[in-house]
Participant: 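Could you have a look at this structure, given as structure tokens, before my questions?
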Amino acid sequence: MARDAENRMAGAAVKEKGDSAEVTDADRPLTDGFHLVIDALKLNGIDTIYGVPGIPITDLGRMAQAASIRVISFRHEQNAGNAAAITGFLTKKPGICLTVSAPGFLNGLTALANATTNCFPMILISGSSEREIVDLQQGDYEEMDQLAVAKPLCKAAFRILHAADIGIGVARAIRAAVSGRPGGVYLDLPGKLFAQVMDAEAGAKSLVKVIDPAPAQIPAPAAVTRALDVLKDAQRPLIILGKGAAYAQADDDIRALVEKSGVPFLPMSMAKGLLPDTHPQCAGAARSTVLKDSDVVMLIGARLNWLLSHGKGKAWGEPGSKRFIQIDIEPREMDSNVEIVAPVVGDIGSCVAALLHAMGNKWSAPPAAWVDAVRAKKDENIAKMAPRLMSNAAPMDFYGALGALRSVIKERPDAILVNEGANTLDLARGVIDMYEPRKRLDVGTWGVMGIGMGFAIAAAIQTGKAVLAVEGDSAFGFSGMEVETICRYDLPVCIVIFNNNGIYRGTDVNPSGGADAATTVFVKDSRYEKMMEAFGGVGVYVTTPDELKRAVSAAMDSGRPTLINAAIDPAAGSESGRIGNLNPQSKIRKK
Ligand SMILES: Cc1ncc(C[n+]2csc(CCOP(=O)(O)OP(=O)(O)O)c2C)c(N)n1
Ligand SMILES: [Mg+2]
């Protein structure tokens, strides 16, 4: 048996497992921990597991596959974890990542922490080693107190010790992940649990189907009225849509609310497409103007964290010039950074529906002077950018290349765009218009590199749509080995690598004059497309925006795994993309 072989490989003695049966009647049908975990997941509508096999969960993966759960095996757990996380965002059901003990668990943990930070529901299920040995620190195979390690990094963490508790344990994990503000949940399953047997009928009865896992949280009517009173009074109102609004899947009501209000809106990165970026009220191209000059800001599922300069400081104009309305499911989000004059606490769908209803049919549009000023600024900025996007020059700069990709998405608005990098991320966010909700998936709250292939794979699997992953050459490296996974499952993923020979730029030199490369540069002119060819996918090397557009269109038409290596001028980028100001500057550092 494979598990025995693995034990031998690890040099460990094969331990006696599954000795905790308390069944007296040998003829009665039995079930075991393996089957109960699978049955509990299936009962709750879980149809996909992302993971990496190994002791003690290899057979769990096999049995899950045999039980018609789709089990997607990755090359590294972090990518499987990211796949689970974005599945949660796309489906409002917890994405599942399955890992082996200690090192596999730790590899998955980054994704779990990132999911929690981004409010994506996921469950990291990890096998773990013998409790008795781990707790006495006697040096078990892959020994680690995983529950303790996971706890501070996720929303909730549970361990199941008895087969009879699997039903309730899985139910708790599901409810914790999706209810209230969603997040990551850790579920610790010690190896012994899987082999525990129990009476099959009692096992079936022990399973729990979670009823209404994310109950509606209705806002208080007084809070709704207060918010509308503030909005009504505004001279220069602004609506900011966050990824919480995208998660809510209340797309029609959100659009109706924005349109009925007549207020300019600003989408945060992963909220782009809730209303099309080309919508007349979209103020994306006038971001600095609306942040600075607005007087009332209504946040819908958006937090006042660093991505919005904490709601204060230079970007927000005169101190004290703003009044904030905030709509969020988490009460503690209110007043997190600045005073919220009108908190509306509830799930986004219920809040938006209540606001829409309370607005009635006589809502008046904001003053024309404000709407016109925003539109004028936006038109000016769009016109300024237009010629740069049409350049077909080689070597390509970011704008020329992004101009090509922008037209691809315009022609295929239902494609999913995954995006990571620094310049590659910040400039793509501004240039590529989105037209439909939840089509843009990116580095999120932490600005983390490494989400690329995990997100792309899960997006393709969950939606069946074509995926375009626009990746900095550094960003791609964090999950690049998963091109094999993309080929193995024959997924319609087209990866475009913006290859500028390094992090931010490929032109830095080692300040010591020594032989080592500078810390931010890579091997020049690397042929990444050959990585895809190595696994049977299509590799293309392009040097002009026209070639890029043709290659991407062909990939999207064919649906074949494709990697397009797009040579970008190594001098074109800037340090840290658009957030160079966050680099610490010492007064004594010589410039
Ligand atoms: C996990 C993680 N490690 C490191 C970083 C720091 N970092 C930010 S962007 C970036 C890569 C930028 O280079 P690239 O992807 O090539 O984009 P470019 O600016 O060159 O277009 C790195 C390493 C990070 N954000 N996340
Ligand atoms: Mg780069």
Side-chain angles (χ1 to χ4, degrees), residues 76-79 81-82 85-86 106-118 153 269 305-307 388 395-405 417-432 441-456 468-482 495-508 517-529 531 541-543 545 548 563-584:
H76 190 288
E77 291 87 352
Q78 187 174 310
N79 308 319
N82 285 325
I86 210 65
L106 286 173
N107 285 344
L109 195 56
T110 308
L112 187 70
N114 189 52
T116 307
T117 299
N118 282 281
L153 297 172
S269 198
N305 57 20
W306 72 279
L307 288 158
R388 304 187 70 180
M396 287 185 272
D397 66 6
F398 287 93
Y399 288 98
L402 287 168
L405 298 183
L417 178 71
V418 173
N419 189 199
E420 61 177 337
N423 293 277
T424 304
L425 173 89
D426 291 343
L427 301 179
R429 184 195 297 119
V431 169
I432 302 179
L441 310 175
D442 68 27
V443 300
T445 312
W446 268 350
V448 66
M449 297 299 110
I451 50 87
M453 297 306 104
F455 278 17
L468 175 62
V470 180
E471 302 272 314
D473 50 342
S474 165
F476 172 72
F478 286 74
S479 65
M481 193 62 211
E482 303 296 347
I495 303 158
V496 173
I497 296 185
F498 276 13
N499 186 359
N500 62 350
N501 293 344
I503 298 174
Y504 313 139
R505 266 188 313 265
T507 51
D508 285 359
T519 57
T520 51
V521 305
F522 298 150
V523 168
K524 304 258 175 264
D525 308 323
S526 298
R527 300 304 292 258
Y528 291 100
E529 74 280 11
M531 285 178 68
Y541 176 71
V542 301
T543 58
L548 175 59
L563 192 156
I564 300 165
N565 182 4
I568 302 284
D569 180 353
S574 56
E575 178 93 358
S576 304
R578 285 274 167 89
I579 55 171
N581 59 311
L582 298 182
N583 284 301

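Numbering of ligands and ligand atoms starts at 1, following listing order.
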Participant: Among protein heavy atoms, which lies nearest atom 7 (N) of ligand 1, and at what distance?
Facilitator: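 Sorting protein heavy atoms by distance from atom 7 (N) of ligand 1 puts Met449 CG, 4.0 Å first.
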Participant: Would you give me the side-chain donor-acceptor pairs under 3.5 Å for residues 110-118, sequence neighbours excluded?
Facilitator:
| residue | atom | partner | partner atom | Å |
| --- | --- | --- | --- | --- |
| Asn114 | OD1 | Asn118 | ND2 | 3.1 |
| Thr116 | OG1 | Leu112 | O | 2.8 |
| Thr116 | OG1 | Gly184 | N | 3.1 |
| Thr117 | OG1 | Ala113 | O | 3.0 |
| Asn118 | OD1 | Lys243 | NZ | 2.8 |
| Asn118 | OD1 | Thr445 | N | 2.8 |
| Asn118 | OD1 | Thr445 | OG1 | 2.9 |
| Asn118 | ND2 | Asn114 | O | 2.9 |

Participant: Any donor and acceptor pair, going by atom type alone, linking the side chain of Glu420 with main-chain N or O of Gly452 inside 3.5 Å?
Facilitator: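 It does hold such a pair.
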Participant: Going by the order shown, which atoms of ligand 1 are within less than 4.0 Å of some heavy atom of Gly472?
Facilitator: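 Contacts of ligand 1 toward Gly472, numbered from 1: 14 (P), 15 (O), 16 (O), 17 (O).
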Participant: I'd like to check whether Val448 has a polar contact with ligand 1, where a contact means an N/O of the residue lying under 3.5 Å from an N/O of the ligand.
Facilitator: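 Looking only at distances, the answer is no, because the N/O contact criterion of under 3.5 Å is not met.
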Participant: List the atom of Ser269, the atom of Arg429, and the distance in Å for their closest heavy-atom pair.
Facilitator: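 So the two residues come closest at OG-NE, 3.0 Å.
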Participant: Write out the residue and atom name of the closest protein heavy atom to atom 21 (O) of ligand 1, then the distance separating them to 0.1 Å.
Facilitator: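 That would be Thr424 OG1, 2.6 Å.
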Participant: Please determine if Gly421 has a nitrogen or oxygen closer than 3.5 Å to a nitrogen or oxygen of ligand 1.
Facilitator: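 No; every N/O pair is 3.5 Å or more apart.
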Participant: Report the nearest protein non-hydrogen atom to atom 17 (O) of ligand 1: residue, atom name, distance rounded to 0.1 Å.
Facilitator: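 For atom 17 (O) of ligand 1, the nearest protein heavy atom is Ala422 N, 3.2 Å.
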Participant: If you take the nearest heavy atom of each of Ile568, Asn423, Thr110, which one is closest to atom 18 (P) of ligand 1?
Facilitator: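 Considering heavy atoms of Ile568, Asn423, Thr110, the nearest to atom 18 (P) of ligand 1 sits in Asn423.
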Participant: Could you tell me whether atom 24 (C) of ligand 1 has at least one protein heavy atom nearer than 4.0 Å?
Facilitator: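 Yes, because at least one protein heavy atom sits under 4.0 Å from atom 24 (C) of ligand 1.
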Participant: For atom 16 (O) of ligand 1, which of the options Ile503, Asp473, Asn114 provides the nearest non-hydrogen atom?
Facilitator: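 Among Ile503, Asp473, Asn114, the closest heavy atom to atom 16 (O) of ligand 1 belongs to Asp473.
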Participant: If you have a sec, work out which protein heavy atom is nearest atom 15 (O) of ligand 1 and how many Å separate them, to one decimal?
Facilitator: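 Ranking protein heavy atoms by distance from atom 15 (O) of ligand 1, first comes Ala475 N, 2.9 Å.
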Participant: Which side-chain N or O atoms in residues 469-479 pair as donor and acceptor under 3.5 Å with protein atoms at least two apart or in another chain?
Facilitator:
| residue | atom | partner | partner atom | Å |
| --- | --- | --- | --- | --- |
| Asp473 | OD2 | Asn501 | N | 3.1 |
| Asp473 | OD2 | Gly502 | N | 2.8 |
| Ser479 | OG | Met453 | N | 3.1 |

Participant: Any chance you could lay out the side-chain contact (heavy atoms from CB on, under 4.5 Å) test for Arg505 and Glu575, step after step, and finish with the verdict?
Facilitator: CA-CA 7 Å; Arg505 266 188 313 265; Glu575 178 93 358; 3.5 Å; yes
Participant: Could you measure the distance from the CZ atom of Phe498 to the CG atom of Leu402? Nearest 0.5 Å is fine.
Facilitator: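 CG of Leu402 is found 4.0 Å from CZ of Phe498.
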Participant: Is ligand 1 less than 4.0 angstrom away from at least one heavy atom of Gly447?
Facilitator: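 Flag set, Gly447 near ligand 1.
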Participant: Are any N, O or S atoms from Asn423 nearer to the Mg ion (ligand 2) than 2.8 Å?
Facilitator: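 So Asn423 does not count as coordinating the Mg ion (ligand 2).
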Participant: Answer with yes or no whether Phe498 contacts ligand 1, where contact means a heavy atom under 4.0 Å from a ligand atom.
Facilitator: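 Per 4.0 Å heavy-atom rule, Phe498 does not contact ligand 1.
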Participant: Any heavy atom of Phe398 sitting closer than 4.0 Å to ligand 1?
Facilitator: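 It does, in that a heavy atom of Phe398 comes within the 4.0 Å cut-off of ligand 1.
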Participant: Check for me whether Gly502 has a heavy atom closer than 4.0 Å to any atom of ligand 1.
Facilitator: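 Yes.
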Participant: Between Asn500 and ligand 1, find which residue part has any heavy-atom pair under 4.0 Å and reply side chain, backbone, both or neither.
Facilitator: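 Only the side chain of Asn500 comes within reach of ligand 1.
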Participant: Would you say Phe478 contacts ligand 1, with heavy atoms under 4.0 Å as the rule?
Facilitator: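 It does; at least one heavy atom falls under 4.0 Å.
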Participant: Any nitrogen or oxygen of Ser474, main chain or side chain, under 3.5 Å from a nitrogen or oxygen of ligand 1?
Facilitator: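 Between Ser474 and ligand 1, an N or O pair is found under 3.5 Å apart.
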Participant: Under a 4.5 Å cut-off applied to non-hydrogen side-chain atoms, are Thr519 and Asp508 in contact?
Facilitator: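 Not in contact.
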Participant: Suppose we only allow N, O or S atoms; which atom of Asp473 ends up nearest to the Mg ion (ligand 2)?
Facilitator: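 This residue's closest N, O or S atom turns out to be OD1.
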Participant: So do the side chains of Val443 and Met449 get within less than 4.5 Å of each other, counting heavy atoms only?
Facilitator: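 Result yes, sub-4.5 Å side-chain heavy-atom pair found.
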Participant: Between the side chain of Asn107 and the main-chain N/O of Gln78, is any donor-acceptor distance below 3.5 Å?
Facilitator: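 Here the side-chain-to-backbone pair does not exist.
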Participant: Are the side chains of Met481 and Asn79 in contact, using a 4.5 Å heavy-atom criterion?
Facilitator: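 No. Closest side-chain heavy atoms not under 4.5 Å.
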Participant: With a cut-off of 2.8 Å, does any N, O or S atom of Gly502 fall short of it relative to the Mg ion (ligand 2)?
Facilitator: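 Short answer: yes, at least one N, O or S atom is under the cut-off.
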Participant: Between Trp306 and Ile579, is there a side-chain heavy-atom distance shorter than 4.5 Å?
Facilitator: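 In short, these two side chains touch, coming nearer than 4.5 Å.
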Participant: Is there a donor-acceptor pair closer than 3.5 Å between any side-chain N or O of Asn565 and the backbone N or O of Ser526?
Facilitator: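 Yes: the side chain of Asn565 pairs with the backbone of Ser526.
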